[in-house]
Structure formats: C-alpha cells, structure tokens
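Notes follow once the structure below has been shown.
Atoms within a ligand are numbered from 1 in the order they appear, just like the ligands themselves. In this text the structure is predicted, and so the values were computed from the model without any measurement.
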Amino acid sequence: MKGWNKTTLADQDLGFLVLDAILELEHSKKEVCPTSTQGIEKFMAEWIRVANVSEISPSKAREIEHQGRVIAIFQVGEEYQAIDGICPHQGGPLAEGPLDGTCVTCPWHGWQFDVVTGKTPLGTRVKQEVFPVKREGDEIFVELP
Ligand code: FES
C-alpha cells in the first residue's frame, strides 16, 4: 500500500475510535433522554395547596407534610413565606417557633432563620430552603420541587 505509512494508519484508527465514541454517546443520549416528556416531568415543580388564609396568621404558622417533606408556612405582613420546617440543628419544628418580623426562632434550642431568605445569623454554611408561595382567593399554595 504505497502512500500509507504507520502514522497515517494510526491517525485513521484514532479517527474511527473517536467517531465510534461520538456515535455511542449520541446513541446513549437517546436512551437516557427519550423524546417523550416522561423523564422531565419528575423534575418539574408542582404547586401544592397548603392552607386556607384563615388557618395562618402572623402569630400562628402552619406546618404541612408533603411526600415526606415538612414545610412551615408563615404570614409576614400581607405576604406568606414557606421554609423547610425542620430545623437543621436537631430537627425542631420551626412552625412552632415564635416569629419576630421575618425571623423565626426554633422552639427547641433557639437557632434563628429568616423565613424570606432562609439565612441564619449563625453563618453562611447553614441555610434553610425556602419555597415560592402564591395566594389564589382564600387559598395558599407552595411550589415544591
Ligand atoms: S433543633 Fe432547632 S435549635 Fe436545636
């Protein structure tokens, strides 16, 4: 085979290997990400009805459980705020803690969280997850992932 040398063959082999790898990757993407929305739906958030407005007041939060997740819903002024209801310290129920402005104090040992941002004065390593809230008529909804 005049004109072909070892280097050229090696380059061609490498080229085919790369092409095979690309085709294999494209094929595996189709299997992992089918064109149906079935795989995507489980990652979509959903709005969950959590309370009637009469069930929450500035002095009375509400705790709900949805699919093993505990959410605390607070009323701050005319707005409603939702936060992960389990204190990261030792699992205290944040919905049972007193609310001062936007700051809730865990009833068990006093850790504090801002119910709007999830932040705590304890530092930046601890932050409670917060969730979008909307009101429709007399009903309150929280968007959960
Ligand atoms: S469990 Fe909340 S401060 Fe300890």
Side-chain angles (χ1 to χ4, degrees), residues 6-145:
K6 228 176 181 174
T7 305
T8 305
L9 285 174
D11 289 345
Q12 279 189 339
D13 289 345
L14 183 60
F16 284 123
L17 284 174
V18 170
L19 183 59
D20 283 348
I22 290 170
L23 292 173
E24 185 71 30
L25 182 64
E26 291 300 316
H27 181 69
S28 66
K29 278 183 189 172
K30 286 177 184 162
E31 290 178 354
V32 173
C33 304
T35 54
S36 78
T37 57
Q38 186 178 3
I40 296 171
E41 286 172 0
K42 73 177 182 180
F43 298 110
M44 293 177 63
E46 58 181 327
W47 287 97
I48 306 297
R49 183 195 175 281
V50 292
N52 194 295
V53 292
S54 64
E55 298 172 295
I56 301 176
S57 71
S59 60
K60 181 180 167 228
R62 180 168 172 82
E63 179 182 282
I64 63 115
E65 186 175 342
H66 179 73
Q67 296 183 345
R69 178 170 231 164
V70 176
I71 309 296
I73 302 105
F74 298 89
Q75 182 177 357
V76 179
E78 298 299 313
E79 302 290 321
Y80 296 91
Q81 308 294 334
I83 188 170
D84 183 338
I86 301 294
C87 178
H89 178 223
Q90 290 184 355
L94 293 180
E96 295 178 18
L99 184 68
D100 182 9
T102 61
C103 178
V104 63
T105 301
C106 179
W108 286 6
H109 312 102
W111 285 25
Q112 296 182 313
F113 300 92
D114 186 307
V115 298
V116 177
T117 65
K119 292 181 179 175
T120 173
L122 297 170
T124 56
R125 292 180 63 189
V126 177
K127 184 173 183 276
Q128 282 299 87
E129 189 172 6
V130 294
F131 306 96
V133 180
K134 69 179 179 182
R135 177 180 171 177
E136 288 183 0
D138 288 340
E139 297 181 313
I140 300 167
F141 296 83
V142 173
E143 186 178 32
L144 297 176

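Put simply, Cys87 gets within reach of atom 2 (Fe) of ligand 1, with an N, O or S atom under 2.8 Å from it. Inclusion of Cys106 in the first shell of atom 2 (Fe) of ligand 1 is supported: an N, O or S atom falls under 2.8 Å.
Below 4.0 Å from some heavy atom of Gly92 lie the following atoms of ligand 1, by number and element: 1 (S). Close contacts between ligand 1 and Trp108 involve ligand atoms 1 (S) [criterion: under 4.0 Å to a heavy atom]. Those atoms of ligand 1 with a heavy atom of Trp111 less than 4.0 angstrom away are 3 (S).
With a 4.5 Å cut-off on side-chain heavy atoms, Pro93 and Trp108 count as touching.
A donor-acceptor pair shorter than 3.5 Å cannot be found between the side chains of Gln75 and Ser57.
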List the steps and the verdict of side chain to side chain contact (heavy atoms under 4.5 Å, CB included) for Ile71 and Val50. CA-CA 9 Å; Ile71 309 296; Val50 292; 5.9 Å; no
Could you check Ile140 against Val53 for side chain to side chain contact (heavy atoms under 4.5 Å, CB included), going step by step and ending with a plain yes or no? CA-CA 7 Å; Ile140 300 167; Val53 292; 4.0 Å; yes
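By the 30° and 60° cut-offs, the orientation of the rings of His109 relative to His89 is perpendicular.
His89 contributes atom ND1 as its closest N/O/S atom to atom 4 (Fe) of ligand 1. Taking the N/O/S atoms of His109 in turn, the shortest distance to atom 4 (Fe) of ligand 1 belongs to ND1.
At distances below 3.5 Å, not a single donor-acceptor pair connects side-chain atoms of Gln81 with backbone N or O atoms of Phe74.
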